[in-house]
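Chain A is the first sequence line, chain B the second, and so forth, proteins listed ahead of strands; every chain is numbered from 1. All values reported here derive from a predicted model rather than from experimental measurement.
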Amino acid sequence: MTGAARFDPAVADIRWQRRWDDERCFIADTDSAKPKSYVLEMFPYPSGRIHMGHVRNYTMGDVLARYRRMQGFEVLHPMGWDAFGMPAENAAMERGVHPDGWTRSNIAAMRDQLKRLGFALDWSREIATCDPEYYGHEQALFLDLYDAGLVYRKESEVNWDPVDQTVLANEQVIDGKGWRSGAQVERRKLSQWFLKITDFADELLDGLGALDDWPDKVKLMQENWIGRSDGLRFRFEAAVQGASRGYPWIKAALSQSPRIDVFTTRPDTIFGASFVAVAPDHPLARAVAAENPDAAAFIAECKAGGTSAADIETQEKRGFLTGVEAVHPLDRDWRLPVWIANFVLMDYGSGAIFGVPAHDQRDFEFATRHDLPIRRVVARPDQDADTPIGDEAEPGEGVIVNSRFLDGLSVDEAKQAVIRRAQEEGWGSRKKAYRLRDWGVSRQRYWGTPIPMIHCSSCGPVPVPRDQLPVLLPQEVTFDTPGNPLDRNDAWRTTICPKCSGEARRETDTFDTFVDSSWYFIRFASQPVDRPFDKADAEKWLPVDQYIGGVEHAILHLLYARFWTKALKRIGRLDIDEPFKGLFTQGMVTHETYRGNDGRWIGPDEVRADENGQLIDAAGAPVERGRVEKMSKSKRNTVDPEPIVARHGADAVRWFMLSDSPPERDLEWSEAGIEGAARFVQRVWRLAAGCGEADGQDPDLERKAQRTIAAVGEAIEGLQFNKAVAQLYELVSAIEKAKPSATRTQAVRTVVKLAAPMAPHLAEECWEVIGGEGLAVDQKWPEFDPAMLVEDEVTLAVQVNGKLRDTLTAPRGLDRAEAEALALSSEKVQRQLAGAAPRKVIVVPDRLVNIVA
RNA sequence: GCGGACGUGGCGGAACGGUAGACGCUGGGGACUUAAAAUCCUCUUCCCUCGAAAAGGGAGUGCGGGUUCAAAUCCCGCCGUCCGCACCA
């Protein structure tokens with residue numbers, strides 16, 4: 001039997017995609033009797049066109065979804081759109097389009113692109129977070145959390161652009177300046193809505209222990225992010241420095257804050273304290289600033305620059321001496337100066353610390369700058385109490401010195417001793433502190449889910465009654481001035497208080513888009529019209545068995561989704577502990593960068609090589625090859641998948657995405673790579689098209705095929721697609737070399753099935769040409785006979801002193817003495833030994849003999 | 001600043017502590033062809049011995065130590081690169 005000379009993806013792809021659609025292959029049946037498998041990739045932001053990163057991500061998920069389906073699972077593999085967010089507003093400002101229209105046309109375009117790649121998706125469950133049918137339910141869930149006491153309002157800092165008079169996202173702050181205005185950004189306080197994720201800190205932390213199918217690195221990152229640490233919370237009594245007596249701000253400060261609460265994870269170093277420092281937001285700092293213009297000026301300086309952790313923590317450590325003193329709790333005569341310091345965070349612990357310069361690097365830098373004492377209180381075995389501290393702090397273990405009743409104790413013993421004493425004497429207690437902060441969900445933006453609250457001047461904030469949901473985003477908005485258009489939309493903003501019926505105004509902030517993505521996987525599983533999800537249906541599918549996405553979401557999105565799930569469980573809405581049973585974080589797609597003489601970036605499609613191999617641009621000017629970097633618009637090193645798919649077909653692109661690079665690492669896009677993949681697709685096609693019926697057995701090929709079935713299955717289970725690809729190359733080569741036989745014909749069928757999850761259109765075309773029944777997509781995943789995997793003969797590696805000297809073929813199952821005798825009979829071994837008797841011989845059965853001379 | 005990862009031929013990468021470099025790409029040589037494309041065969045870590053081939057020897061997994069009969073793999077210390085840091089998604 002012979003088919004067409006070439007596999008033509010332009011025809012085949014569309015044909016089979018239509019067929020799968022007609023047969024409703026990928027519609028998930030919630031009532032199926034089969035075991036379920038929920039495969040999910042992180043849904044995309046509809047930026048306009050899909051990029052190679054999407055193709056890689058969705059190809060991986062697709063391979064797994066199709067593989068599970070062939071294994072007999074009822075598979076849920078849905079797709080949707082994370083459709084709210086800033087880019088739509090930016091487009092509105094720059095191009096005068098409406099965010100809604102812009103987003104919806106992007107979705108339409110990207111949906112077509114995804115369909116062109118032949119993913120096994122259940123499009124009947126498609127959702128977009130900007131649909132009121134989605135975000136209305138989200139508003140209802142938020143109100144459920146509000147009713148459960150998990151929502152509250154507090155002041156929080158935002159980046160404020162004083163020229164544009166608008167709030168900026170961290171990414172809009174560049175080197176401390178606004179991205180459009182270029183003005184120095186300030187930190188400003190706004191009253192905002194928060195979710196009590198810290199209530200779940202222990203659950204979120206302890207839950208990580210059961211996530212066996214998550215990468216260790218992600219669990220570790222979440223653990224560090226939650227940052228639970230044990231320590232001592234205690235208070236310093238505030239006093240007045242002699243010379244400062246009579247300054248008005250001291251009195252104000254003391255009346256405001258007669259005690260200063262501090263938290264420390266190192267109570268053992270309490271005798272090494274040389275100062276106390278409070279955050280610029282601390283009540284004591286504010287009280288001082290109210291009376292002292294210099295302090296106010298210092299605090300204002302601290303407010304300059306962005307709110308991001310990297311911005312704040314890389315600032316130089318600076319302080320302002322208040323004149324207030326703190327009384328050391330273990331010695332009433334010992335006074336510590338109290339500073340306002342820019343490196344103390346109000347959000348962690350109690351917003352105040354005691355500084356131990358000898359054993360904390362930040363305190364060390366601060367003390368050095370302000371000429372404060374640096375006293376050693378921990379000594380390593382090679383040090384004593386008088387060893388001076390070098391040019392950096394010593395945070396490590398040791399024995400306590402210079403610390404009165406603690407001297408001679410270990411760090412740990414001293415911690416316990418101090419905590420015990422504090423509790424006995426009543427000035428402090430053991431306390432856990434978390435780095436995790438509550439989740440601020442308010443955004444001062446239009447294109448997001450409206451927060452369903454109403455502000456009434458007499459009743460305060462009042463939830464929108466359920467029967468008034470969804471609170472719709474108004475369509476009539478303008479973007480001609482910076483800031484949130486909802487604030488200027490009086491018609492929308494003005495409403496009636498549900499409680500007192502007085503005039504009130506709507507909350508004009510919208511949700512952080514992470515709220516939208518914190519429950520979409522539940523809505524995929526169950527989408528009734530009248531409520532967010534049906535509990536029983538959602539629980540049939542959840543948890544997601546395999547979740548796949550970028551490692552950039554390792555902390556925030558994944559933590560928020562876990563929190564949301566646990567919160568729904570607490571309020572009785574969903575009996576699921578963890579949303580994602582398995583997690584995989586894939587690497588990025590990268591590409592070489594190119595620059596012209598003038599330093600401007602040049603896109604790969606404008607670069608070609610001239611006859612001498614010199615790279616030139618479209619105008620013939622020389623181009624310099626830069627480093628390989630993540631594809632990004634700014635570096636112009638993106639490759640648009642669409643023309644590549646049009647040229648090589650979906651399967652070649654999919655195949656290339658899976659080849660070579662391990663999926664967790666970066667993949668470098670290359671022309672040669674995609675061409676190699678396209679060649680392989682044709683090679684498989686030729687193999688199938690040229691394969692006829694034949695008789696006879698081929699045991700070697702049979703064994704190879706069986707091994708490949710085992711290896712490819714194992715590789716896909718472990719999401720090691722590059723290994724699955726390599727295995728298929730080997731089997732295809734072996735079949736090509738083999739003479740016609742019944743075994744060979746069978747092996748071709750095996751190849752088609754093994755390749756089906758990765759190159760599904762090719763598989764259908766091949767399946768048809770070799771006369772397979774039904775569709776390739778519906779075939780059962782092939783089974784293998786474990787007995788067939790074992791070879792009768794093994795290759796023994798023979799080493800002398802750990803160096804390979806010979807390899808010998810031996811029957812399997814040789815005992816130690818036989819293996820040793822065989823190894824010693826080797827001429828090469830004898831030459832190495834040169835007559836010397838072996839001192840020791842190590843035998844690893846069926847693998848290796850190492851002779852130690 | 002804090003946190004996380006990664007580092008193996010010309011390139012992407014394989015390798016339960018046990019034969020380093022599977023498989024792919026690139027490149028060289030050859031076959032088929034009037035020619036090209038396509039396809040197929042073959043070689044391709046580096047250095048040395050050798051006229052050549054066969055064969056042999058040495059070195060080698062970022063750098064420096066250590067554990068072990070045996071280390072790409074485990075431990076300690078460096079160096080380099082990348083990613084995240086709460087309002088990008």
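- For A:Thr103, the side chain to side chain donor-acceptor pair (under 3.5 Å) partners two or more places apart in sequence, or in a different chain, are A:Trp447.
- Base engagement by A:Phe514 is indicated by at least one non-hydrogen atom pair under 4.0 Å involving a base atom.
- The ring pair (Phe, Tyr, Trp, His ring centres under 6.0 Å) test applied to A:Phe584 returns no partner, not counting sequence neighbours.
- A:His557 pairs by the ring pair (Phe, Tyr, Trp, His ring centres under 6.0 Å) definition with A:Tyr547, A:His553, not counting sequence neighbours.
- Of all nucleotides in RNA chain B having an atom under 4.0 Å from a heavy atom of chain A, the first and last in 5' to 3' order are B:G1 to B:A89.
- Within the 3.5 Å criterion, the main-chain N or O of A:Arg437 finds no donor-acceptor partner in the side chain of A:Thr198.
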Give RNA chain B the dot-bracket treatment, 5' to 3': Watson-Crick (N1-N3 with N6-O4 or O6-N4) or G-U (N1-O2, O6-N3) under 3.5 Å, [ ] crossing, | other strand.
(((((((..(((.....[....))).(((((.......))))).(((((.....)))))..(((((..]....))))))))))))....

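- Residue A:Ser442 is in base contact, counting any heavy-atom pair closer than 4.0 Å across all strands shown.
- Sorted by first and then second residue, the side-chain hydrogen bond (donor to acceptor under 3.5 Å, both in side chains) pairs involving residues 726-736 of chain A (not counting sequence neighbours) are A:Trp655-A:Tyr729, A:Arg683-A:Ser733, A:Arg683-A:Glu736, A:Lys704-A:Glu730.
- Judged as a side chain to side chain donor-acceptor pair (under 3.5 Å), and not counting sequence neighbours, the contacts of A:Arg266 are A:Asp268.
- The stretch residues 652-672 of chain A participates, sequence neighbours left out, in these salt bridge (charged side-chain N to carboxylate O under 4.0 Å, His left out) pairs: A:Asp62-A:Arg654, A:Arg647-A:Glu671.
- Partners of A:Tyr135 by ring pair (Phe, Tyr, Trp, His ring centres under 6.0 Å), not counting sequence neighbours, listed by chain and number: A:Phe84.
- Annotation: proximity of residues 673-681 of chain A to RNA chain B (heavy atom, distance under 4.0 Å) is found for A:Arg679, numbered in ascending order.
- For A:Tyr520, the ring pair (Phe, Tyr, Trp, His ring centres under 6.0 Å) partners at least two apart in sequence or on another chain are A:Phe43, A:Phe524.
- The salt bridge (charged side-chain N to carboxylate O under 4.0 Å, His left out) test applied to A:Asp281 returns A:Lys189, A:Lys303, not counting sequence neighbours.
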